[in-house]
S.K.: 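Structure below; questions to follow.
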Amino acid sequence: MSKPGIVIIGSGFAGIGMAIKLKEAGYHDFVILEKAADLGGTWRDNTYPGCACDVPSPMYSYSFELNPGWSRMFSPQEEIWAYMRGCVDKYGVGPHFRYGRQVVGLEYDDVAREWTVTTEDGATIRANAVISGIGALHIPKFPEIPGQEAFAGPSFHSSTWDHSVDLTGKRVAVIGTGASAIQFVPQIAPKVGNLLLFQRTPPWIQAKPDFALPAGARRLLALPGAARLLRNTIYWGLETRALGFAVDPRLMRFHENMARRHLERQVPDPELRAKLTPGYTIGCKRILISSDYYPALTRPNVNLITDAITEIREHSIVDATGAEHDVDVIIYGTGFKVTDSLQEQRIVGRAGRKIQDAWQEGIETYYGITTAGFPNLFFLLGPNTGLGHNSVVFMIESQVRYVMNCLRLLSKTQAKAIDVKPGRQRDFQDRLHHRLDPLVWNSGGCQSWYLDEHGVNRTIWPGFTFEYWARTLRVDPRAYELIY
């Protein structure tokens with residue numbers, strides 16, 4: 001059994017950012033447990049054709065490590081992954097990684113005031129604090145369709161793309177039209193023989209203002225202050241989009257008009273355009289950006305099917321009209337288990353209480369970072385800290401700073417653990433959902449992956465990111481019980 005002071009779980013932007021700030025502050029007794037053989041999280045796993053960021057690159061990076069060398073305004077997966085590896089090397093946190101260590105359980109010891117972290121191989125680690133940086137977009141979600149196992153051809157989720165499958169000339173079915181599908185569909189459409197795109201609900205899509213950054217622009221961005229100025233400009237531009245999210249859903253009409261004009265420009269066929277027009281308020285689901293998705297759907301070898309799938313057979317898919325579609329390959333672009341990603345973990349807190357019992361009426365945390373009854377357990381990109389308008393890396397940095405302040409409070413008071421008071425957590429949750437309820441995510445009976453099984457939004461922060469930054473700038477000791 002090893003015994004580092006702090007265990008970080010996950011090596012995406014959250015885990016790497018946490019490790020860098022720990023090391024900068026003089027904390028060297030920590031390890032990063034990563035289930036895979038390499039770092040990177042989402043940007044390691046998702047290698048589907050066309051995979052790229054949908055937030056401008058100058059914002060989708062650490063504020064303390066700006067990169068003037070991005071090749072595009074919206075960087076591809078390989079470039080983001082390389083940026084993350086570069087950060088690990090530059091800040092010297094590589095030796096703290098432990099690869100191939102899948103965490104399967106966390107259990108708090110009330111006497112020792114420590115956590116026991118159990119990994120899949122049966123090994124255990126004792127730590128004073130655990131920081132979960134696993135995020136929400138890592139457990140693939142598959143629809144429940146009768147006959148899935150009977151399909152004889154290749155089938156895979158977009159997040160585990162099977163590059164050994166040659167799609168050239170094949171009859172390919174794509175199930176789902178979310179953020180991943182709108183990136184890979186335009187890439188595979190020209191090479192497949194026939195593409196059947198099964199759409200349940202059309203997304204709102206706006207044009208993607210992407211462009212290559214020429215060498216001259218990159219040289220300018222390397223000048224002192226230039227990259228910072230560009231980042232700040234993009235930040236405030238993106239932040240204005242929160243007006244419709246955080247203030248009044250009626251303010252989303254401007255964005256909806258932009259999306260409608262984009263659809264009208266790119267899809268001249270009124271029948272196809274009608275199938276691609278959403279029937280819900282824009283922003284209720286994730287707003288997507290693409291300038292090549294709609295044109296791909298107008299290709300003669302692409303067919304959009306809006307009838308529900310009722311069955312998958314050995315070599316075909318049957319829809320609700322009874323039509324049988326012959327297919328060679330099935331690709332699932334059906335997203336991830338978001339609200340389930342934390343609840344399915346084996347986490348046991350004070351007095352042997354399981355996290356599933358603590359959250360039996362729904363996930364509850366304090367600013368998405370701490371949860372009552374689980375001392376010295378911190379979440380990065382936890383519940384209700386996701387965004388629909390800006391960069392989650394900004395949110396991660398706010399959370400990392402808050403965790404560091406919690407650790408400093410422990411050091412200053414010589415307490416062994418810190419646990420948010422249930423009353424303060426309850427007050428925060430009441431304010432949070434009082435604000436969420438009238439906003440766009442809950443309007444018009446909207447259903448999305450932001451909501452849990454009770455129809456409650458457990459995913460999105462209902463305000464501006466600078467609000468979250470300000471509210472997590474300092475730790476209020478009165479909100480916590482210090483355990484000695």
Side-chain angles (χ1 to χ4, degrees), residues 8 12-22 24-25 53-67 87 131-133 135-136 225 227-247 283 364-371 378-409 418 420 424-425 427-436 439-441 450 457-480:
I8 301 171
F13 267 100
I16 293 171
M18 190 74 243
I20 290 171
K21 291 304 175 182
L22 282 172
E24 280 186 348
C53 193
D54 58 5
V55 173
S57 301
M59 270 308 302
Y60 203 81
S61 48
Y62 298 121
S63 63
F64 57 84
E65 186 59 33
L66 301 184
N67 176 23
C87 289
I131 302 166
S132 175
R228 180 74 57 192
L229 176 62
L230 176 61
R231 177 187 173 89
N232 291 344
T233 302
I234 291 172
Y235 171 80
W236 289 110
L238 293 176
E239 202 68 353
T240 61
R241 297 170 59 192
L243 288 168
F245 291 116
V247 180
E364 288 195 358
T365 62
Y366 189 63
Y367 287 106
I369 303 171
T370 55
T371 191
F378 306 98
F379 298 109
L380 303 178
L381 275 190
N384 289 112
T385 63
L387 298 175
H389 71 284
N390 212 320
S391 172
V392 294
V393 180
F394 181 92
M395 299 293 276
I396 288 170
E397 289 195 55
S398 297
Q399 292 153 18
V400 166
R401 183 189 60 242
Y402 190 88
V403 174
M404 292 302 306
N405 286 335
C406 286
L407 296 176
R408 291 187 181 103
L409 179 60
I418 185 171
V420 65
R424 291 296 290 264
Q425 178 175 294
D427 289 344
F428 169 73
Q429 286 292 312
D430 288 344
R431 295 195 307 271
L432 176 77
H433 290 287
H434 177 74
R435 187 170 181 182
L436 272 168
L439 297 181
V440 65
W441 303 288
Y450 297 153
N457 191 328
R458 305 288 183 184
T459 307
I460 296 294
W461 172 250
F464 298 96
T465 62
F466 61 78
E467 287 183 84
Y468 187 84
W469 174 86
R471 293 184 187 186
T472 56
L473 190 58
R474 295 177 179 83
V475 174
D476 182 0
R478 296 169 299 178
Y480 287 90

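Numbers here simply count residues along the sequence, with the first being 1.
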S.K.: Within the 4.5 Å heavy-atom criterion, are Pro462 and Leu432 side-chain neighbours or not?
M.R.: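 The answer is yes; the side chains approach within 4.5 Å.
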S.K.: What closest approach, in Å, do Gly17 and Val400 show between heavy atoms, and which atom pair accounts for it?
M.R.: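 Nearest heavy atoms, Gly17 then Val400: O-CG1, 4.1 Å.
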S.K.: Supply the atom-to-atom distance Met59 CE to Asn232 CG, rounded to the nearest 0.5 angstrom.
M.R.: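 Going from CE on Met59 over to CG on Asn232, the span is 8.5 Å.
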S.K.: Contact between Ile418 and Thr370 at the side-chain level, heavy atoms closer than 4.5 Å - yes or no?
M.R.: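 The answer is no; the side chains never approach within 4.5 Å.
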S.K.: Please give me the minimum heavy-atom distance between Phe428 and Tyr367, naming the atom from each residue.
M.R.: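 That closest heavy-atom pairing would be CE2-N, 3.1 Å.
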S.K.: May I ask you to decide if Ser63's main-chain N or O and Arg228's side chain share a donor-acceptor pair within less than 3.5 Å?
M.R.: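 Yes; at least one donor-acceptor contact below 3.5 Å.
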S.K.: Evaluate Val55 against Leu387 for side chain to side chain contact (heavy atoms under 4.5 Å, CB included), listing each step before the verdict.
M.R.: CA-CA 11 Å; Val55 173; Leu387 298 175; over 6 Å; no
S.K.: What are the two closest non-hydrogen atoms of Gly463 and Ala242, and how far apart are they?
M.R.: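 Taking every non-hydrogen atom into account, O-CB, 4.4 Å.
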S.K.: Looking only at non-hydrogen atoms, find the nearest pair between Pro58 and Arg231 and report the distance.
M.R.: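 Minimum heavy-atom contact is O-NH1, 2.9 Å.
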S.K.: Minimum heavy-atom separation for Leu238 and Pro56, please, with both atom names.
M.R.: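 Shortest heavy-atom contact: CD1-CD, 4.1 Å.
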S.K.: Does any non-hydrogen side-chain atom of Asn384 lie less than 4.5 Å from one of Thr365?
M.R.: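 No - every pair of side-chain heavy atoms lies 4.5 Å or more apart.
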S.K.: Could you tell me the separation between the OG atom of Ser132 and the CG atom of Leu381, rounded to the nearest 0.5 Å?
M.R.: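 The CG atom of Leu381 is 10.0 Å from OG of Ser132, to the nearest 0.5 Å.
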S.K.: Can you tell if the side chain of Met404 reaches within under 4.5 Å of the side chain of Leu22, non-hydrogen atoms only?
M.R.: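 They are in contact (side-chain heavy atoms under 4.5 Å apart), so the answer is yes.
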S.K.: Side-chain contact, heavy-atom cut-off 4.5 Å: Phe378 with Gln399?
M.R.: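 No, their side chains stay 4.5 Å or more apart.
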S.K.: If you measure from CD1 on Ile396 to CD1 on Ile16, what distance do you get to the nearest 0.5 Å?
M.R.: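 Separation between the atoms: 10.0 Å.
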S.K.: Nearest 0.5 Å please: distance from the CG atom of Asn390 over to the CD1 atom of Ile234.
M.R.: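 The distance works out to 10.0 Å.
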S.K.: Below 4.5 Å, heavy atoms only, C-beta onward: do Phe394 and Tyr468 meet side chain to side chain?
M.R.: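 Of all side-chain heavy-atom pairs linking Tyr468 with Phe394, none is under 4.5 Å.
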S.K.: Is the Tyr235-Phe466 ring centre distance short of 6.0 angstrom?
M.R.: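 No, ring centres 6.0 Å or more apart.
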S.K.: Do Arg401 and Arg474 have side chains that get closer than 4.5 Å, going by heavy atoms?
M.R.: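 Not touching, per the 4.5 Å side-chain cut-off.
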S.K.: Can you check side chain to side chain contact (heavy atoms under 4.5 Å, CB included) on Ile20 and Glu24, steps first, answer last?
M.R.: CA-CA 6 Å; Ile20 290 171; Glu24 280 186 348; 4.2 Å; yes
S.K.: Could you walk me through whether Thr472 and Ser398 pass the side chain to side chain contact (heavy atoms under 4.5 Å, CB included) test, one step at a time?
M.R.: CA-CA 7 Å; Thr472 56; Ser398 297; 3.7 Å; yes
S.K.: Nearest 0.5 angstrom please: Arg471 CZ to Asp476 CG, how far?
M.R.: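 Those atoms lie 13.5 Å apart.
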S.K.: Tell me whether the NZ or CZ atom of Lys21 lies within the 45° cone about the ring axis of Tyr62 and under 6.0 Å from its centre.
M.R.: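 Judged by the rule (NZ or CZ under 6.0 Å from the ring centre, within 45° of its axis), Lys21 is not positioned above Tyr62.
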S.K.: How close do Ile8 and Gly15 get, counting heavy atoms only, and between which atoms?
M.R.: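 Looking at all heavy atoms of both residues, the shortest contact is CG2-CA, 3.8 Å.
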S.K.: Going by distance alone, is a donor N or O of one side chain under 3.5 Å from an acceptor N or O of the other, for Glu239 and Thr465?
M.R.: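 A pair is found: one side chain offers a donor N or O, the other an acceptor, under 3.5 Å apart.
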S.K.: For the residue pair Tyr480 and Tyr402, categorise the inter-ring angle as parallel (less than 30°), tilted (30 to 60°) or perpendicular (more than 60°).
M.R.: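 It falls in the tilted class, 30° to 60°.
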S.K.: Would you please test Thr385 and Phe379 for side chain to side chain contact (heavy atoms under 4.5 Å, CB included) and show each step?
M.R.: CA-CA 10 Å; Thr385 63; Phe379 298 109; over 6 Å; no
